Amino acid sequence: MKRENSTKKNIISDVNRESCFQELIEGRWSPRAFSDEAIPNETIFKLFDAGKTSMSCFNEQPWRVIFAHKQDEHYPQLFDCLGEFNQKWVQTAPCLGVILGKKHFSRNDKYNRHHLYDSGAFMATVTFMAASLNLFVHQMGGFSTDKVIHHFQVPANYEPAAMFVIGSLGDPDQLPGDLQEKELKRSPRHKVEQFVFGAQWEVPYFAPHEKD
């Protein structure tokens, strides 16, 4: 018996599929200048609906999300969880959230050491879905996990992993002066040879690539 949808062919050619995904990869970045333009709930739902397809250990799907539009009553509580640095620029973004991971498997209550890894995969899928809709996601580690747990009465079996904003691109001039210059620079990336090894640690598996 074949898995549902496994026989679908030629919906997108292999070349076009690679090209489309490459465009998403190259177009994805984490801005701090966001427009305050509201994002419809239907669009936000699409992002999280895409995220639910992410892989996870034993299909546990450990991710949980606390989310708010700026007009929601609980938005100030989420905003309060952010560190001072992030509060300086997040305030223009229309949506704010926190991703959490469930620490133990539902099937046997054993500790799931992959819970944050899998929750990160969920957010990566959300991020690329957002990119396909010309939206941007900026994820942040600068926040108080204690405040998240306190404000939202998070059970002990869940761990806050990161906070994030979602929105449309804004004007860099709206940022504080110290952030405007950073906004105009793309973050450098390591070469593949620097992180993919073979039999010996830090000995590259691949030969230097011309594209690098």
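All values reported here derive from a predicted model rather than from experimental measurement. Counting begins at 1 with the first residue of the sequence.
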Donor-acceptor pairs are to be reported for all side-chain atoms of residues 75-86 against protein atoms at under 3.5 Å, with residues two or more places apart or in another chain.
from  : atom 1 : to     : atom 2 : distance (Å)
Asp80 : OD2    : His151 : NE2    : 2.8
Asn86 : OD1    : Trp89  : NE1    : 3.2
Asn86 : ND2    : Gly142 : O      : 3.0

*Flag yes if Val203 and Phe206 sit in one hydrophobic cluster, no otherwise; membership is Ile, Leu, Val, Met, Phe, Trp, Tyr, and two members link when side-chain heavy atoms are under 4.5 Å apart.*
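No; tracing contacts between hydrophobic side chains, which count when under 4.5 Å, never links both residues.
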*Examine Val148 and Leu116 and state if one hydrophobic cluster contains both, with Ile, Leu, Val, Met, Phe, Trp and Tyr joined whenever side-chain heavy atoms are less than 4.5 Å apart.*
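Per the 4.5 Å side-chain linkage, Val148 and Leu116 are not co-clustered.
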At what distance, to the nearest 0.5 angstrom, does [atom1] of [X] lie from [atom2] of [Y]?
X      : Y      : atom1 : atom2 : result
Arg113 : Asp118 : CZ    : CG    : 11.0 Å
Tyr158 : Ile66  : OH    : CD1   : 11.0 Å
Leu184 : Leu175 : CG    : CG    : 9.0 Å
Thr127 : Trp29  : OG1   : CH2   : 14.0 Å
Ser54  : Asn59  : OG    : CG    : 10.5 Å

*Between Asn112 and Lys102, does a side-chain contact (heavy atoms from CB on, under 4.5 Å) hold up when you go through it step by step?*
CA-CA 8 Å; Asn112 177 10; Lys102 185 180 180 184; over 6 Å; no
Compare all side-chain heavy atoms of [X] with those of [Y] and state whether any distance is below 4.5 angstrom.
X      : Y      : value
Lys182 : Arg32  : yes
Leu100 : Pro160 : yes
Ser132 : Leu24  : yes

*With sequence neighbours excluded, tell me which residues meet side-chain contact (heavy atoms from CB on, under 4.5 Å) with Asp173.*
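Partners of Asp173 under the side-chain contact (heavy atoms from CB on, under 4.5 Å) test: Asp171, Gln180.
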_Qualifying residues under side-chain contact (heavy atoms from CB on, under 4.5 Å), relative to Asp178, sequence neighbours excluded_ =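 In terms of side-chain contact (heavy atoms from CB on, under 4.5 Å), with neighbours along the sequence ignored, Asp178 is linked to Lys88, Pro176.
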[X]: side-chain hydrogen bond (donor to acceptor under 3.5 Å, both in side chains) partners, not counting sequence neighbours:
X      : answer
Ser168 : none
Thr92  : Gln174
Ser30  : Arg28
Lys103 : none

Give me the other members of the hydrophobic cluster that [X] sits in, counting Ile, Leu, Val, Met, Phe, Trp and Tyr linked by side-chain heavy atoms under 4.5 Å, directly or via other members.
X      : answer
Trp201 : Phe197
Phe45  : none
Phe105 : Phe58
Met123 : Ile39, Ile44, Leu47, Phe48, Trp63, Val65, Phe67, Ile99, Phe122, Val126, Met129, Leu133, Leu135, Val137, Phe164, Ile166

*Please say whether more than 12 non-hydrogen atoms of neighbouring residues, nucleotides or ligands are located less than 6.0 Å from CD in Gln200.*
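Counting neighbours around CD of Gln200, 12 or fewer heavy atoms of other residues, nucleotides or ligands fall under 6.0 Å, so no.
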*Answer yes or no: does atom NE2 of His150 have more than 12 heavy-atom neighbours from other residues, nucleotides or ligands under 6.0 Å?*
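Open.
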_For a quick check under 3.5 Å, do Glu60 and Ser106 share a side-chain donor-acceptor pair by atom type?_
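There is such a pair between these side chains.
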For [X] versus [Y], what's the shortest heavy-atom pair and its separation?
X      : Y      : answer
Thr125 : Ala50  : CG2-O, 3.3 Å
Gly101 : Ser119 : CA-OG, 3.5 Å
His114 : Cys57  : CD2-SG, 3.6 Å

*Partner set under salt bridge (charged side-chain N to carboxylate O under 4.0 Å, His left out) for Lys52, not counting sequence neighbours*: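 Salt bridge (charged side-chain N to carboxylate O under 4.0 Å, His left out) check on Lys52 returns Asp49.
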*Would Met163 and Val90 count as a side-chain contact (heavy atoms from CB on, under 4.5 Å) if you check the C-alpha gap in whole Å, the side-chain angles of each, and the deciding distance to 0.1 Å?*
CA-CA 11 Å; Met163 292 193 69; Val90 161; over 6 Å; no
*Would you say Asp72's side chain and His69's backbone share a donor-acceptor pair under 3.5 angstrom?*
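Yes, Asp72 side chain to His69 backbone: donor-acceptor pair under 3.5 Å.
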*When you measure from the side chain of Glu183 to the backbone N and O of Ala33, does any donor-acceptor pair fall under 3.5 Å?*
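Flag set: sc Glu183 to bb Ala33 pair under 3.5 Å.
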